[in-house]
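What follows is a set of notes on a single structure, which appears directly below.
Everything numeric in this text was worked out from a predicted model, so none of it was measured.
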Amino acid sequence: FDYQKDLIFADTIISQIEELDKYEIRKWIIDLRDNRGGNVWAMLSGLTPIIGDGLINYSIRNKNEKANFIKQGNIAHSKASTSIYNTKLKFEKLAVLVNRHTASSGEMLAISLLGFENTKSFGYKTSGLTTANTTFTFNDGTSLFLATGFMADKNKKIYRNGITPDIIFDNSLSDEAILVKVKEWLNE
């Protein structure tokens with residue numbers, strides 16, 4: 001809940017994407033392995049140069065659906081305003097790497113990305129902390145976060161027990177072998 005740190009985090013990702021964009025990249029790998037969480041909105045804001053504005057996911061509580069949106073220059077639920085940058089080319093493919101240590105808002109970020117066309121997930125089943133949380137604030141200023149639903153991608157696919165990747169890897173694969181397999185899909 002530190003707006004300044006969220007801003008620095010998002011702007012750092014945006015500037016790294018801008019630097020890479022000089023190569024006019026059309027196929028991206030988003031590595032969420034070992035991303036155990038944090039503020040998903042700062043992470044999503046950092047990726048807006050690639051994925052743009054708009055509907056990003058849903059929070060599903062019983063029969064209630066809440067659509068969640070992102071907008072360049074903003075971090076949702078924050079006072080911070082980020083840099084704005086658009087990649088030179090729209091992405092053609094997006095590979096999302098996950099593993100058993102991808103958890104909580106790391107999973108929410110993956111779910112948000114998996115709703116896009118031409119996106120595949122690679123790796124190992126994630127932790128399973130894919131709940132939608134509600135914040136209850138008390139008069140004394142304390143807050144309680146309760147899991148009150150599940151996250152769904154922007155196509156309303158619900159992830160109740162984590163993310164099972166589209167392409168599951170053998171545990172013995174090295175990082176180099178994993179990237180070779182991901183690049184094979186990117187180059188199809």
To check you understand the geometry: which heavy-atom pair defines the closest contact between [X] and [Y], and what is its length?
| X | Y | answer |
| --- | --- | --- |
| L113 | T119 | O-CG2, 3.4 Å |
| I13 | G46 | CG2-O, 3.2 Å |
| Y124 | D170 | OH-O, 3.0 Å |
| T87 | L89 | OG1-O, 2.9 Å |

Are [X] and [Y] linked by a side-chain donor-acceptor pair shorter than 3.5 Å?
| X | Y | value |
| --- | --- | --- |
| T135 | N133 | no |
| N64 | K66 | no |
| N35 | E107 | no |
| D166 | S121 | yes |

Neighbour count above 12 (heavy atom, 6.0 Å) for K71 NZ: no
In a table with atom names and distances, give each donor-acceptor pair under 3.5 Å that connects a side chain of residues 179-188 to protein atoms at least two apart or in another chain.
residue: N187; atom: ND2; partner: K183; partner atom: O; Å: 3.1

Find out whether [X] and [Y] are in side-chain contact, i.e. whether some heavy atom of one side chain is under 4.5 Å from a heavy atom of the other.
| X | Y | value |
| --- | --- | --- |
| K154 | F116 | yes |
| L97 | L32 | no |
| I111 | I163 | yes |
| Y159 | T126 | no |
| W28 | I17 | yes |
| W41 | N68 | yes |
| N161 | F150 | no |
| T142 | D140 | yes |

Nearest-0.5 Å distance that lies between atom [atom1] in [X] and atom [atom2] in [Y]:
| X | Y | atom1 | atom2 | result |
| --- | --- | --- | --- | --- |
| S81 | Q72 | OG | CD | 12.5 Å |
| N39 | M108 | CG | CE | 9.0 Å |
| T164 | I167 | OG1 | CD1 | 12.5 Å |
| Y58 | E65 | OH | CD | 6.5 Å |
| D6 | K79 | CG | NZ | 12.0 Å |
| N86 | T48 | CG | OG1 | 7.5 Å |

Test log, rule side chain to side chain contact (heavy atoms under 4.5 Å, CB included), inputs F138 and L144: CA-CA 8 Å; F138 299 97; L144 175 65; 3.7 Å; yes
Side-chain heavy atoms nearer than 4.5 Å, only ILVMFWY residues, links allowed to pass through others: does that put [X] and [Y] together?
| X | Y | value |
| --- | --- | --- |
| L7 | F9 | no |
| L94 | L114 | yes |
| I14 | L47 | no |
| F69 | V40 | no |
| I50 | I84 | no |

With sequence neighbours excluded, residues passing side-chain hydrogen bond (donor to acceptor under 3.5 Å, both in side chains) with H77: none
Residue list, side-chain hydrogen bond (donor to acceptor under 3.5 Å, both in side chains) with S112, at least two apart or on another chain: N57
Criterion side chain to side chain contact (heavy atoms under 4.5 Å, CB included) on T134 and F145, from CA distance to verdict: CA-CA 6 Å; T134 300; F145 300 97; over 6 Å; no
Main chain of [Y], side chain of [X]: is a donor-acceptor contact present, judged purely on distance under 3.5 Å?
| X | Y | answer |
| --- | --- | --- |
| S105 | G38 | yes |
| S45 | N74 | yes |
| S127 | R100 | yes |

side-chain hydrogen bond (donor to acceptor under 3.5 Å, both in side chains) partner of R33, chosen from D175, T102, N99: D175
Verdict with supporting geometry, S83 and D11, side chain to side chain donor-acceptor pair (under 3.5 Å): CA-CA 6 Å; S83 302; D11 275 345; 3.1 Å; yes
Criterion side chain to side chain contact (heavy atoms under 4.5 Å, CB included) on V96 and I29, from CA distance to verdict: CA-CA 6 Å; V96 180; I29 299 172; over 6 Å; no
Pairing of D21 and R26 as salt bridge, 4.0 angstrom limit: no
Parallel, tilted or perpendicular: rings of F169 and F122 (30°, 60°): parallel
Stepwise side chain to side chain contact (heavy atoms under 4.5 Å, CB included) test for L109 and L44: CA-CA 7 Å; L109 179 57; L44 283 164; 3.4 Å; yes
